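None of these values were measured; they are calculated from a predicted model. So you know, we letter chains A, B, ... as the sequences are listed, proteins then strands, and number each from 1.
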Amino acid sequence: MQTYRHRVADDIVEIRIPQTDQDLREFMSWAQRASLRGPIALDTETTGLDIFTDGYRLRTVQFGDRDTAWVIHWERGGRFREAALFVLRMARRFLIHNASFDWLVLDRHAGFPLEELAPKTTDTKIKSTLIDPRQPQEGGIGNGLKPLSAWYIDPTAVDTQADLTAVFRSLGMTKETGWAGIDLQHPTYNLYAGLDCIYTARLDPFLTEGLSHFGVREALVQYEHEIARMCAIMQRAGIVLDAEYIEVLRERLREEEAKYAFVAARYGVESVNSGKQVSEALLAMGEELTELTDGGALKVDKAVLLPLADLDRDWQRIGARTPNPLADAALRAKRAGSWATTYADTFLDTVDSNGRIHAGIHTLAARTGRMSITKPALQTLPSSDWMIRRAMLADEGHVMVSTDFTAVEMRVLAGLADVKRMKQAIANGDDLHDFTAGLVYGEGFTKRHRKLCKGIGFGKVYGGGLTTIQRQTGAPVDEVRSALGAYDRVYPEIKRASVRWQREARANGMVAISATGRRLPLDRDRTYAVINYRVQSTARDVLGQAMMNMEAAGLLDVLKLPIHDEVLASVPAREAADYAREFERCMTMDLFGVRIDAAAEIGGRSWGSLYGADY
DNA sequence: GTAATCACG
DNA sequence: ACGTACGTGATTACT
């Protein structure tokens, strides 16, 4: 048995690395005793983060408690694997920091099903995020193992990942190649592999104490584990990529980028992505630039360039002026280039050998509890044009179905703030913005009036004021001012709720508590954001509830992505209508007397078909 | 690393 | 006292 010792807090802990069958028997008997005492901490070391690419390897599986960690060399095969699988099967509870990663690794590379491990898991990252969801940059501790260990356990806790990167370099490897290349017997590698497990084991009691101290309900913790499991299953399934299509599209976008970059070069702009170069060239052409960025530079973003190119927000000619050829070229080159890089390249870089993309679904990414999707960021594909979404396909024989909540944030606001007339309108089945325009302008309201009321509604959800609502809607400032006043008179409950919520948060250490018991830390200088935080986080929980309903209805296997107020699914083509009805049913519920409902759209094979593509 | 930009809900 | 648009992920230029 190879053994290392290390100091954690005031204790000496032991990291044991079995080498022989006898060592492995000792490990298994430890595990049986430990499992009777409580949960076993679990972690893995692998060759990287891209679980689904070819050649990916699981290297070690670590098990531990607060004093002892065992590093099992999975890579050595045979008895090592048997021992690890024995404990995975035998133990009743596991503690994992950021469980979805290890669930997927063990599912894919150890043949240990996510469906078996997830129900036995407590995720310490979920627990810490429910105590404080903020990133370190936002004033939180952060929810990584290292900052949490340093905060709760031992200020001198090792940053094992960063330290190992240094070890890799000293061995002539990089951060990328080191995880695959380091010798399985390397002392620091094994020590740190084990330490992470011990940190996780020691973290959990502090987190349990923290959750109880803040009164976070056990039901919320449990529910977040269910959501994490569902999303890991979606990630495992992945989405089919139309590789041929995206390769052709990438070429086309690159050609377009080159064509317009060439035009821009005629005006002295070498790189269209350089704001400095573009602004200087535009000034030299006699254009006036007035808007400034936060940093005080001349602003040359899309909103500035489109009018100079005589284009409206949909890139259609306005006919108000002679288009500035540089503004036009810069817009087109930037868009083509960034779409090629951000979408086409990433799709082709992340696709697995079965032609599927397994984007990472982070179930508690935002401060409000909202989810995010990365690598690629499938929640942010262009929706004004179908060309990018066209690359994502439903499974063989399936079609895409997308089901959206209807005006969910306004409805949530109506429910949370108990906005009487809004609730009445929703109950009557009225269109909310029509209804508001009617109240503000009388029955003879116009489309413009409705648009303004819609803009004000959004402004309220975001906590916006006169200036921003004016800027967003583009309506004359006097008109916005009077409409805003009328809006507040018609729905007085919103302002009152905001004041009450800010007061409650202040009395609670600047933390608002959502309807589901979620902790929502406010920034001291923007407490008005409490409206948005409560609305956004409640809408997230409405989506979460809908997802639970979907699993209960047997729909988990067809789910593809959660997109804030929408769920994308790939369903058998022949039964699409039945599925669509089921999705709508799962997304229909009552929230404080407000009906939340949803509308499904049945598309074709590609996601783009829901945005105008013909396939 | 920060600023600016742009994609989404 | 008053008023404040919210939340993400990703890329590129530049210091």
Practice item. Name every residue in residues 298-315 of chain A that has at least one heavy atom under 4.0 Å from any atom of DNA chain B, in order of residue number, or write none if there are no such residues. Key: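 Nucleic-acid contacts, sorted: Lys299(A), Val300(A), Asp301(A), Lys302(A).
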Practice item. For nucleotides dA5(C) and dG9(B), find the distance between their C1' atoms and express it as a whole number of Å. Key: 14 Å
Exercise for review: On DNA chain C, check which nucleotide each of Lys460(A) and Lys276(A) is closest to and give me the residue with the more 5' one.
Suggested key: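 By nearest-heavy-atom nucleotide position, the 5'-most residue is Lys460(A).
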**Study point:** Most 5' of His564(A) and Lys495(A) on DNA chain C, judged by nearest nucleotide
**Key:** Lys495(A)
With respect to the side chain of [X], which nucleotide from [options] is positioned closest?
X: Lys334(A); options: dC6(B), dG9(B), dC6(C); result: dC6(B)
X: Thr346(A); options: dA7(B), dT5(B), dT11(C); result: dT11(C)
X: Pro382(A); options: dA7(B), dT11(C), dG9(B); result: dA7(B)
X: Thr374(A); options: dA10(C), dA5(C), dG7(C); result: dA10(C)

Name the nucleic acid region contacted by [X], choosing base, sugar-phosphate or nothing; use a 4.0 angstrom heavy-atom cut-off, strictly under.
X: Gly459(A); result: base
X: Thr527(A); result: nothing
X: Leu378(A); result: nothing
X: Gln379(A); result: sugar-phosphate
X: Ile531(A); result: nothing

Tell me whether [X] at atom [atom1] has more than 12 heavy atoms from other residues, nucleotides or ligands lying less than 6.0 Å away.
X: Phe52(A); atom1: CZ; value: yes
X: Arg500(A); atom1: CZ; value: yes
X: Lys146(A); atom1: NZ; value: yes

Review point. Are Ile596(A) and Met587(A) side-chain neighbours, meaning at least one heavy-atom pair lies under 4.5 Å?
Key: no
Ignoring backbone atoms, establish whether [X] has a side-chain N or O less than 4.0 Å from OP1 or OP2 of [N].
X: Ser338(A); N: dC6(B); value: no
X: Thr341(A); N: dA10(C); value: no
X: Arg367(A); N: dC6(C); value: no
X: Thr467(A); N: dG3(C); value: no
X: Ser271(A); N: dA13(C); value: yes
X: Thr342(A); N: dT11(C); value: no
X: Tyr528(A); N: dG3(C); value: no
X: Thr293(A); N: dA4(B); value: yes

Ion pair present between [X] and [Y], side-chain N to carboxylate O less than 4.0 angstrom?
X: Arg229(A); Y: Glu226(A); value: yes
X: Arg169(A); Y: Glu176(A); value: no
X: Asp488(A); Y: Lys460(A); value: yes
X: Asp565(A); Y: Arg370(A); value: no
X: Glu256(A); Y: Arg332(A); value: no
X: Asp597(A); Y: Arg411(A); value: yes

Between [X] ([atom1]) and [N] ([atom2]), how many Å, whole number?
X: Phe458(A); N: dC6(C); atom1: CZ; atom2: P; value: 15 Å
X: Leu331(A); N: dT5(B); atom1: CG; atom2: P; value: 12 Å
X: Arg134(A); N: dC6(C); atom1: CZ; atom2: P; value: 16 Å
X: Gln502(A); N: dT4(C); atom1: CD; atom2: P; value: 13 Å
X: Glu409(A); N: dC6(C); atom1: CD; atom2: C1'; value: 8 Å
X: Asp294(A); N: dT2(B); atom1: CG; atom2: P; value: 15 Å
X: Ile456(A); N: dA5(C); atom1: CD1; atom2: P; value: 15 Å
X: Glu138(A); N: dG9(C); atom1: CD; atom2: P; value: 10 Å

**Study point:** Presence of donor-acceptor pair under 3.5 Å, side chain of Gln472(A) and base of dA5(C)
**Key:**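 Checked by distance alone, the answer is yes.
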Revision key, fill the gap. Note, DNA chain C 5' to 3' with Watson-Crick or G-U pairs under 3.5 Å encoded as ( ), [ ], | and . gives .....|||||||||.
Point to revise | NZ or CZ of Arg534(A) within 45° of Trp501(A) ring axis and under 6.0 Å | key: yes
Review point. Between Ile239(A) and Leu393(A), what is the shortest heavy-atom contact and its length?
Key: CG2-O, 3.6 Å
